[in-house]
Each structure stands twice: as C-alpha cells, then as structure tokens.
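Read the structure below first, then the notes.
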Amino acid sequence: MPNVKLPDGSVRSYPGPVTVAEIAQSIGAGLARAALAGKVDGRLVDTSFRLESDAEVAIVTERDPEGLEILRHSTAHLLAQAVKELFPEAQVTIGPVIENGFYYDFSYKRPFTPEDLVAIEKRMAEIAKKDLPVERRVMSRDEAVAFFSSIGEKYKAEIIASIPEKETISLYGQGNWVDLCRGPHVPSTGKLRVFKLMRVAGAYWRGDSRNEMLQRIYGTAWAKKEELDAHLRMLEEAEKRDHRRLGTQLDLFHMQEEAPGLVFWHPKGWTIWQQVEQHMRRVYRDNGYLEVRGPQILERRLWERTGHWENFKESMFVTASENRDYAIKPMNCPGHILIYNKGVRSYRDLPLRYGEFGSCHRNEPSGALHGLMRVRGFTQDDGHIFCTEDQILEECVAFTTLLQEVYRDFGFSEIVYRVATRPAKRIGSDEAWEKSEKALVEALQRSSVAFTMAAGEGAFYGPKIEYSLKDGIGRVWQCGTMQVDFSMPGRLGAEYVAADNARRTPVMLHRAIVGSMERFIGILIEHYAGALPLWLAPEQVVVMSITERQAPYAKRVAARLREAGFRALADLRNEKISYKIREHSLQKLPYQLVVGDKEMQAGNVAVRMRGGEDLGAMSLDAFTARLRSEANAR
RNA sequence: GCUGGUGUAGCUCAGCUGGUAGAGCAACUGAUUCGUAAUCAGUAGGUCGCCCGUUCGAGUCGGGCCACCAGCACCA
C-alpha cells in the first residue's frame, strides 16, 4: 500500500502497487497525457515503472529539463527506427542526447545523402503518428549479446559485451524495432512531434581515428514548435555573426589559398588588433610584467631538450641552414627561459614575470583550420612567471583576478573555470604533479569561483586551469590558461640562488589571458556581431557633408576629432545623406555626424548613434567630451 | 588527417541533357548638390580553383591535386 509524496508536499495512498502512469492519471487526465516519465526518489524512470512501496514521485513532462532530454533521446531512437526501416542493411551504434538535440551513428555501405535525410525525416513523422507504445524489457548481458548478434547488429553486441557481466540490460522496443538503452523513454512515439534532422557527417566508431568511420545524423528536437523555430532563428543569427563573413563585409582581414591557416590583416582589422594589443600591453605594465621578444626560429636541439620534438614534431614547421636544423617556434616559453638564463637570478628577483606578444606557428591538420578560430600562425599574449613553489598559489590567485578584470573590459561577464589534470602521456614526477594540481585547485577555491575538474586533460608538462568565457549568444570559448610547469626550467637549466645560497630550479607558470590574438578578435567580432564598442571600433566617427558647401567644415571637424585622439574620417562624396548613412550603418560605425548648413553656421555637429538614435545637434566640444567618457568607460 | 559537400567578376549568386559565360551590389565616368538606411544614366571587369585526360569542341564529362565548408579525430 504505497504512500506517494508529490512535489507539492501532498501525499496520496494507493491500495496496491501502482505505476507512474496510474499516479499521473489519478491526479488528472491532462497530466496523464503530458507525462513523459517519472522521477521516483530522484531517479528517472519510465511511466510504466511500478512502485511497490512509499516513495517521492514527480511526473516529468516536457516542461521539465529532464523531460526535454527524454524527448530528444526518444527522438534519436525514432531516427534509428526510421533508418532501419528504409535501409535494413544499416547497422545501429549509439544515439545520445547533445546540446539542443541528439545524433545517431550508423554503419552503412554508402554515405547518407541530403535526399536520404528528407526521406528519413518523413518516415520518422509517420512512425510518430502511429503512436506506437514504447516497451521496456530486461535481459542478462549474455542474452542481450546473443540477441543483437542474432539480428546482425554487431556494433550493439560489441557495446553490450563490454558491459560488466553481472549487469542486467534494458531494451526498448517500439513496433518491430528494438534498441539497447538505459532509458527512460517516452511512453509512446506519438509524444515526438517537434524535430528536424540537421545534417550528416562522419564520425569515428568509439571516437578513435584508427577505427572505421560511421555516418552520423544530427537532429534537433523540442517540446514546442515555437522553440524549434526560435532555435533555427538562433542558428541563423549565429551565421550572420560569423567572423569570416563579417571579416569580409567589414573589410577587416582575409585568408587565401596560398597561405592556409594564415591571416592577412587589412587596415581596419589591424586597427582592432592594435587596440587589443595596446590594452594588453597596459595590463602587462600595470601588473609587474616585463615585455620581451624572443626569436622566431630556434635550433632543433633546443626543442629536443624541451620535449616538444618528441611530442609534436609532426606539427612543427621546420627549416634548415647550412648543417643545422631549426623549427619555427610553436610556443614562446623556451625563449623566455633563455632570456631568464642570461645572468644569475636571486630568490629576491622572484617572482619574475615576462610577457610577450609571441608569434607562433603550428602545422595544424588541414581539417582543423577554421577562420581566425583555428589557424597555423597566431600570436599569444604569452606570459611566464618564474617563481618558487611557495609563490604559486599567490600568483594563481592574482592572475585569476586580473583575468576577470580583462574579460570585463572586453565585455565578457561570465567565466567558466576548469582544472585539467595529468594526462597519460606526460613528463615529470608524480609528486610534482600532485603538488601542482593541488595548488591550482586551491587557487580557484581562494578566488571563490565554481570550477570543474577535467581528468587527464592537462599538458604533458603540467596541469592547468582553463578559463573560458561566454559570448553574447551563450557560446563558451576557452581563452585563458594558467599552467604549472615543474619540468621545463630544469630541462633548460634555469636556476636561482636561494636564501641559503643553494642553487634551485624555479617553477615556471605559463599563462595567457586572451590566448590567441587572432582567435580572440574572432570571438570579439562574433560577440558584438561586428558592432564593436567605441574603444575597439576600427573607425569611430564619420563626418558626413550634405552638399559640397560643407566639405571644408566637415574636413575640419574630422581633423579636430583626430587631433583629440579619435579615429575619425570625413565622407565628402557627392551622394545623398541617406545613402551615406546606409553605408556607414552597414559598416557599423559607432557615431555618424551629419553637417549641413545649419550645423556649419552654428559650429555644431548633428549626432547619430549606431542603431539610429538621433542625439540632435551639439557643439564639437560637447561631442568630444561624450566620446572621451564612453571610450574610457570601455 | 578522416567522411561528405563546395569552388564561376571585388561581394552574393545563376548557367538544363558538352556548342568558347550572365544578374544584382560594389568599382569607374558623367549628370544631379540633395537633411538621417540605396538618385539616374553609361562604362569596364572573368586563365569558370589548379593540372591531366575524353571529345571536332569542356564552366559542364572522367582522373589527380589544392583550398574552403560541416562534422569527427587532433589542439604543447
């Protein structure tokens, strides 16, 4: 006689064992219809789940986040069923839920085409309409392996065979289609109404590039049609913000075949770069960093000593001269150690902080290249802090604070923190790893921020904190990093004289805030959809004459703005004012000044802001004061 | 690197079954001198990604390569 406690605190008693569906029905017919699953004592179950004893029960509907996930998961099954009906020879593998949707991987003799997708989606809708009941059953592991082998699903059999022997396996069936699955699932296919297949792409079996490549079909699924439409609109919006597209439209940079993965910065793009670089240079200066500059090319033997040759020689650009081999630097730290090594360092000099806008080249695989986001030639705001073990914590805390300030300057308020720990392929002692991982964790705890652990994702020479920022449309970009390195200073012979006059090896901290300048500018472009804030905008003000009569005045106004330190230009073309406004609006200039006879006579400018707001006429001094305060505010 | 797709004027794109290229915008010239998101007219602009092949003839068909796009793998 189970007593069921509902989320509102009320308790209902049932005469005997009762299913989640029956509980929903007893509460109301509407809830019974909406029920997708149940939550019994915090555990998600099917609506067919039968309670034998007292429990806390919640009915999960599409309004719950878990409900949406179940909907998506069941839609992945629906996809697999449709594919098997249309292409019986296809083999199923896995079909998990991902952000905004799901995918399912298939093995098939040929790739699926866009036309196939249309047919599959149609079949999915047909199956959903039949409202087939979804039924769960359990088997022992060996039975399940035998079952999937018997129906020719060798990938499924392989997955199940890797599950521990004792576990029971749940299967879900709808119509004449059965899949291995932990569940839960919706009670019937009729619950699946709002979905859309998005694309096909290759994906390796079990995520390993040595394995066979499968066909992955991506889809999206939602509770309501309006949500799907909103999602599709968001994708369109993201496409409009694409930095590659805006880079062309706003004439910021370009890339071309002769230099894959390398950037040609145009005058306007380079102006943005300079704003970012000058800002970061101020950050170095104001926080105890000394700016340095190392050479682009260093001898191969040096990279052998650092361990990079062994780990990354495939992705280093190499060159030779006379009898010696060189590599174009893929990172700046060895150069900084060589600078450190010139001269005897005392413990009194530590922490010693070097910063460089270091230009690096890495021969990234062709398939990885992506606009400014993944390039072969990039520039890091790379800093290295030489310190003692006792100073690590303090430096990490200070760096985290600094990074938060810089991200705020650039307009990013949300930061995601992760600590990446020792990978399988690594150098250095376990004690050193232990100690440095601890220091990173403690630094974040001291900074009072929430963080997650990423086991095995550290660099080969040390663990790291990864700092990611969230952009204007919610995407997360990893930019900043703080890495402890107990190995490289020793490998390159760095040392300092301690208080007891002994020679010790310093710890090196690798740190970056914006990371790659190229990528960060790409992120800025997308974050602001090209409409950069005043201090970053490549062109800040345009002065537009209405007729030729105001040309000399417009020129003078633009010149005075430039003298005041702003990036101003004059548009004196013989075009209608509305034409000029349209052009400069498309170029996303923050301010447009209209000067006609009225303004010229009064010595004023008529101010139009980006977005169309008309601020009316004001004196040039008043306008300059406004610009100054806006630019300083960041 | 792997799977699939794409590559035509500065940009966006059209060009059916092979018969030596077309539009809009931009550019240039002229007219217009105009008050808050496109004035009118004219002109010029292309080794159709590159190489090889099939053919009387290739932007179009076949092969190879390159680059880009999506995803996977990778990312010191």
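A, B, ... follow the sequence lines: proteins, then strands. Residue 1 opens every chain. Everything numeric in this text was worked out from a predicted model, so none of it was measured.
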Point to revise | Short side-chain N/O contact to B:rC72 OP1/OP2 from A:Y218, under 4.0 Å | key: yes

Review point. Has the side chain of A:S315 got a donor or acceptor atom sitting under 3.5 Å from an opposite partner on the base of B:rA76?
Key: yes

Practice item. Take atom C1' in B:rC28 and the same atom in B:rG10, then report the distance between them in whole Å. Key: 13 Å

Exercise for review: Answer yes or no: is there a donor N or O on one side and an acceptor on the other, between the side chain of A:N341 and the main chain of A:L338, under 3.5 Å?
Suggested key: no

Review point. Whole Å only: how far is the CG atom of A:N332 from the C1' atom of B:rA76?
Key: 12 Å

Practice item. Give a yes or no on whether the backbone of A:L250 and the side-chain of A:K268 come within a donor-acceptor separation of less than 3.5 Å. Key: yes

Review point. Would A:Q483 and A:Y461 count as having a side-chain donor-acceptor pair, cut-off 3.5 Å?
Key: yes

Point to revise | Nucleotide-resolved protein contact map, nucleotides 35-41 of chain B, B/S/- at heavy-atom distance under 4.0 Å | key: BBBBB--

Check your understanding: Taking the P atom of each, how far is B:rG46 from B:rA76, in whole Å?
Key -> 46 Å

Review point. Taking the C1' atom of each, how far is B:rG30 from B:rA14, in whole Å?
Key: 31 Å

Check your understanding: Charged N to carboxylate O below 4.0 Å: is that the case for A:R300 and A:E304?
Key -> yes

**Study point:** Span that lies between the C1' atom of B:rU8 and that of B:rA21, in whole angstrom
**Key:** 8 Å

Check your understanding: Taking only N and O in the side chain of A:R244, is any of them less than 4.0 Å away from OP1 or OP2 of B:rA70?
Key -> yes

Check your understanding: Nearest-Å distance, NZ (A:K329) to C1' (B:rA76)?
Key -> 14 Å

Revision key, fill the gap. For B:rU39, the nucleotide meeting Watson-Crick or G-U wobble distances (both under 3.5 Å) is B:rA31

Practice item. Any strand is fair game: report the nucleotide pairing with B:rU17 by Watson-Crick or G-U wobble, both distances under 3.5 Å, or none. Key: none

**Study point:** Side-chain-base donor-acceptor pair under 3.5 Å for A:Y204 and B:rG71
**Key:** no

Study note, to complete from the structure: Atom CG of A:D382 and atom C1' of B:rA76 are separated, to the nearest Å, by 11 Å

Check your understanding: Does a side-chain heavy-atom distance below 4.5 Å link A:M331 with A:W303?
Key -> yes

**Study point:** Between B:rC2 (P) and A:E314 (CD): distance, integer Å
**Key:** 14 Å

Review point. More than 12 foreign heavy atoms under 6.0 Å from CD of A:E310: is that the case here?
Key: no

Practice item. Calculate the interatomic distance between A:Q587 atom CD and B:rA26 atom P; express it in whole Å. Key: 13 Å

Revision key, fill the gap. Checking B:rA76, B:rA67, B:rC34 against the side chain of A:T547 (C-beta onward), the nearest is B:rC34

Check your understanding: Looking only at atom C1', what distance separates B:rU6 and B:rC65, rounded to whole Å?
Key -> 16 Å

**Study point:** B:rC50 versus B:rA38 - spacing of their C1' atoms, nearest Å
**Key:** 39 Å

Revision key, fill the gap. Reading nucleotides 3-15 of chain B from 5' to 3' and marking B where a protein heavy atom lies under 4.0 Å of the base, S where only the sugar-phosphate is that close, and - otherwise, the string is BS--B--------

Exercise for review: Determine whether the side chains of A:T547 and A:Q550 contain a donor N or O and an acceptor N or O closer than 3.5 Å.
Suggested key: yes

Practice item. Output the residues of residues 366-381 of chain A in contact with RNA chain B, where contact means a heavy atom of the residue under 4.0 Å from an atom of the strand; sort by number or write none. Key: A:S366, A:G367, A:A368, A:L369, A:H370, A:G371, A:R374

Review point. Any donor and acceptor pair, going by atom type alone, linking the side chain of A:R72 with main-chain N or O of A:A221 inside 3.5 Å?
Key: yes

Practice item. Please confirm whether A:F102 and A:H77 have ring centers closer than 6.0 angstrom. Key: no

Point to revise | A:C333 or A:A203, whichever maps to the more 5' nucleotide of RNA chain B | key: A:A203

Practice item. Name the pairing partner of B:rC72, where a pair is Watson-Crick or G-U wobble with both distances under 3.5 Å, or state none. Key: B:rG1

Review point. With distance as the sole test, does A:R511 use its side chain to make a donor-acceptor pair with the main-chain N or O of A:M482 at under 3.5 Å?
Key: no

**Study point:** Any A:R216 side-chain nitrogen or oxygen under 4.0 Å from OP1 or OP2 of B:rA70
**Key:** no

Check your understanding: With under 30° as parallel and over 60° as perpendicular, where do the rings of A:H510 and A:H384 fit, or are they tilted in between?
Key -> perpendicular

Review point. Within the structure shown, what part of the strands sits under 4.0 Å from A:S209 by heavy-atom distance: base, sugar-phosphate, or nothing?
Key: sugar-phosphate

Exercise for review: Write down the distance separating the C1' atoms in B:rC51 and B:rC40, rounded off to the nearest Å.
Suggested key: 47 Å

Review point. Across all strands shown, which nucleotide pairs with B:rC48 by Watson-Crick or G-U wobble geometry, both distances under 3.5 Å?
Key: none

Exercise for review: Scan A:P330 against the nucleic acid and name what it touches under 4.0 Å (heavy atoms): base, sugar-phosphate only, or nothing.
Suggested key: base

Point to revise | Aromatic stack A:F312/B:rA76: centroid gap under 5.5 Å, interplanar angle under 30° | key: yes

Point to revise | Option from A:D251, A:L252, A:L246 for which side-chain contact (heavy atoms from CB on, under 4.5 Å) with A:Q249 holds | key: A:L246

Practice item. Could you tell me whether A:K425 contacts a base, only the sugar-phosphate backbone, or nothing, with contacts defined as non-hydrogen atoms closer than 4.0 Å? Key: nothing

Point to revise | NZ on A:K470 to CD1 on A:I415, rounded to 0.5 Å | key: 12.0 Å

**Study point:** Base paired to B:rU55 (Watson-Crick or G-U; both N/O distances under 3.5 angstrom)
**Key:** none

Review point. According to the Watson-Crick and G-U wobble definitions, with both distances under 3.5 Å, which nucleotide is paired to B:rA9?
Key: none

**Study point:** Interatomic distance where CG belongs to A:L492 and P belongs to B:rA76 [whole Å]
**Key:** 19 Å

Review point. Rounded to whole angstroms, how far apart are NE2 on A:H243 and C1' on B:rC69?
Key: 13 Å

Point to revise | Pairwise P distance, B:rG15 and B:rG4 [rounded to whole Å] | key: 25 Å

Check your understanding: Hey, are A:R110 and A:Y108 close enough side-chain-wise for a donor-acceptor pair under 3.5 Å?
Key -> no

Review point. Taking the six-membered ring for Trp, are A:F460 and A:F312 parallel (under 30°), tilted (30 to 60°) or perpendicular (over 60°)?
Key: tilted

Check your understanding: When the distance from CH2 of A:W205 to P of B:rC2 is rounded to whole Å, what number comes out?
Key -> 22 Å

Practice item. Mind checking A:Y103 for me? I need base, sugar-phosphate or nothing, with any heavy atom below 4.0 Å counting as a touch. Key: nothing

